[in-house]
Amino acid sequence: MKYYSTNKQVENVSLQEAVVKGLADDKGLFMPNEIKTLPAEFFENIDKMTFQEMSFEVAKAFFGEDVEEEALKQIVYDTLSFDVPLVKVSERIYSLELFHGPTLAFKDVGGRFMSRLLSYFIKKENAEGQVNVLVATSGDTGSAVANGFLGVEGINVYVLYPKGLVSAIQECQFTTLGKNITALEVEGTFDDCQRLVKSAFMDAELNEKFKLTSANSINVARFLPQSFYYFYAYAQLKKLGKEKEAVICVPSGNFGNITAGLFAKRMGLPVKRFIAANNRNDIFFEYLKTGEYNPRPSVATLANAMDVGDPSNFARVIDLYGYSHANICKEIGGARYTDEDITETIKECYKNTGYLLDPHGACGYQALYDLLQNGEQGIFLETAHPAKFLSTVENIIGEKVEIPAKLQEFMKGTKQSIEISKEFDDFKLFLMNNLK
Ligand SMILES: *Cc1c(COP(=O)(O)O)cnc(C)c1O
């Protein structure tokens with residue numbers, strides 16, 4: 001299948017090129033030329049399939065023309081080697097827990113899928129030289145991508161993160177790995193990290209010498225596999241006989257996750273509507289209200305993975321709906337919450353239901369609580385384990401929170417990182433001297 005750029009200033013490219021490039025040459029985001037609908041029998045039987053089985057069918061619709069069937073099956077089965085339970089929190093509200101993967105981040109699916117697909121293309125081509133993955137992170141992307149690519153031959157990963165601005169647990173998850181993973185500690189903010197990575201992609205000299213790609217959700221191989229989650233959510237609701245009028249609420253930052261859900265709906269998944277939950281970075285919420293998109297610098301909140309002032313996948317959302325604000329509003333609702341709201345939600349939900357939310361999931365839960373209509377069933381995506389925001393959550397509920405064994409493992413390693421300034425010249429010099 002071919003992929004076009006949302007800016008429509010360049011020729012269509014192959015899947016391989018879309019994955020290796022990340023961003024199109026006209027700075028647009030790649031979109032598949034066609035979104036196939038799955039047959040009615042698939043949805044009738046979906047509750048009898050395993051997560052891996054149904055995801056393989058979804059993956060074939062996207063990637064079946066470009067990846068041999070057996071190889072694709074292996075990529076999917078290998079990617080999804082963990083569970084994604086649906087937990088009832090209160091009457092009509094369910095939590096889809098996306099944090100049972102290797103780094104306890106929902107981005108594990110995209111990180112693992114992309115690393116295996118990229119490695120498939122490298123082997124098929126027998127390509128010379130290494131592919132260099134550059135990734136900017138405010139916390140969770142770095143760990144999921146680094147762990148997804150750890151030990152994968154032919155690929156080196158460089159994680160850029162803001163010094164002193166990620167949680168201790170998150171930092172351990174990508175600085176202690178070694179092998180083909182290098183952590184670059186940037187004297188600056190997340191925005192500086194993202195700017196450095198973008199400048200590298202635009203630098204002619206670097207691109208001539210090296211193969212560079214991005215593992216942020218602009219990459220189709222990172223964001224599309226997230227659609228698997230939505231099919232599985234629906235299947236679990238169907239098992240309970242509650243699948244009519246399902247509403248899925250997604251705590252959103254760069255809007256990669258929710259866009260994958262919108263793709264699932266376009267493939268025929270019978271979800272009634274979506275809700276995008278924002279924190280104080282409410283650019284999308286304002287867009288729904290006014291029809292105007294006004295990006296602005298992000299502000300720091302308790303739900304830090306949603307601190308995005310110019311969501312990169314907004315370009316995909318408007319493209320998917322033919323640039324019609326009215327059509328977007330028909331399928332997507334919005335909500336926004338302050339840090340005070342988030343704190344109150346975590347406290348109240350824990351007191352009343354016994355379910356412990358993290359700050360991101362809190363926005364999702366509260367949006368359903370506020371906006372669910374009669375007859376609807378709500379699922380919110382619980383995108384992080386509460387222990388990742390240990391002191392915040394413990395202070396709110398006044399109790400100790402247990403750290404899962406998987407997270408504790410990461411905290412045993414030794415931190416290795418290279419400090420760099422926020423100047424592009426320094427970053428470029430590092431890349432020129434170290435990339436292969
Ligand atoms: C990445 C992330 C989000 C936001 O996801 P997007 O795809 O960027 O919208 C929400 N919560 C957590 C915990 C995350 O790590």
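When a ligand or atom number is given, it counts from 1 through the structure's own listing order. All heavy atoms count here, side chains included; hydrogens, waters and symmetry mates do not. In this text, all values refer to a predicted model and were calculated from it rather than measured experimentally.
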Fill in: Check against side-chain hydrogen bond (donor to acceptor under 3.5 Å, both in side chains), N156 and N180
CA-CA 5 Å; N156 289 313; N180 57 333; 5.1 Å; no

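Under a 4.0 Å criterion applied to the non-hydrogen atoms of A384, ligand 1 contributes the atoms 13 (C). The atoms of ligand 1 that sit less than 4.0 Å from any heavy atom of N257 are 7 (O). Taking every heavy atom of G256 and a limit of under 4.0 angstrom, the matching atoms of ligand 1 come to 6 (P), 7 (O), 9 (O). Annotation for ligand 1: atoms under 4.0 Å from non-hydrogen atoms of N254 are 6 (P), 8 (O), 9 (O). Atom numbering of ligand 1 starts at 1 in the shown order; those under 4.0 Å from a heavy atom of K107 are 1 (C), 2 (C), 3 (C), 14 (C), 15 (O). Set against the non-hydrogen atoms of D140, the atoms of ligand 1 under 4.0 Å away are 13 (C), 15 (O).
Salt-bridge annotation for R296 and D282: present, with a side-chain N of the basic residue lying under 4.0 Å from a carboxylate O of the acidic one. Remark: D341 does not engage R336 in a salt bridge, criterion side-chain N to carboxylate O under 4.0 Å. In summary, E91 and K88 engage in a salt bridge, as defined by a charged side-chain N under 4.0 Å from a carboxylate O.
Remark: distances from the non-hydrogen atoms of P251 to ligand 1 include one below 4.0 Å. For the pair F223 and ligand 1, no heavy-atom separation below 4.0 Å is found.
Residues R222 and T141 meet the side-chain proximity criterion, which asks for heavy atoms closer than 4.5 Å.
The environment of K272 atom NZ is dense: over 12 non-hydrogen atoms of other residues, nucleotides or ligands sit within 6.0 angstrom. For K422, the NZ atom is loosely surrounded, since the number of other residues' heavy atoms within 6.0 Å does not exceed 12.
With hydrogens left out, the protein atom closest to atom 11 (N) of ligand 1 is T383 OG1, 2.8 Å, a heavy atom.
Residue A305 has no N or O atom closer than 3.5 Å to an N or O atom of ligand 1. Looking at G253 next to ligand 1, an N or O pair under 3.5 Å apart turns up.
Cation-pi check for K60 over F62 is not met; the charged atom does not lie both under 6.0 angstrom from the ring centroid and within 45 degrees of its normal.
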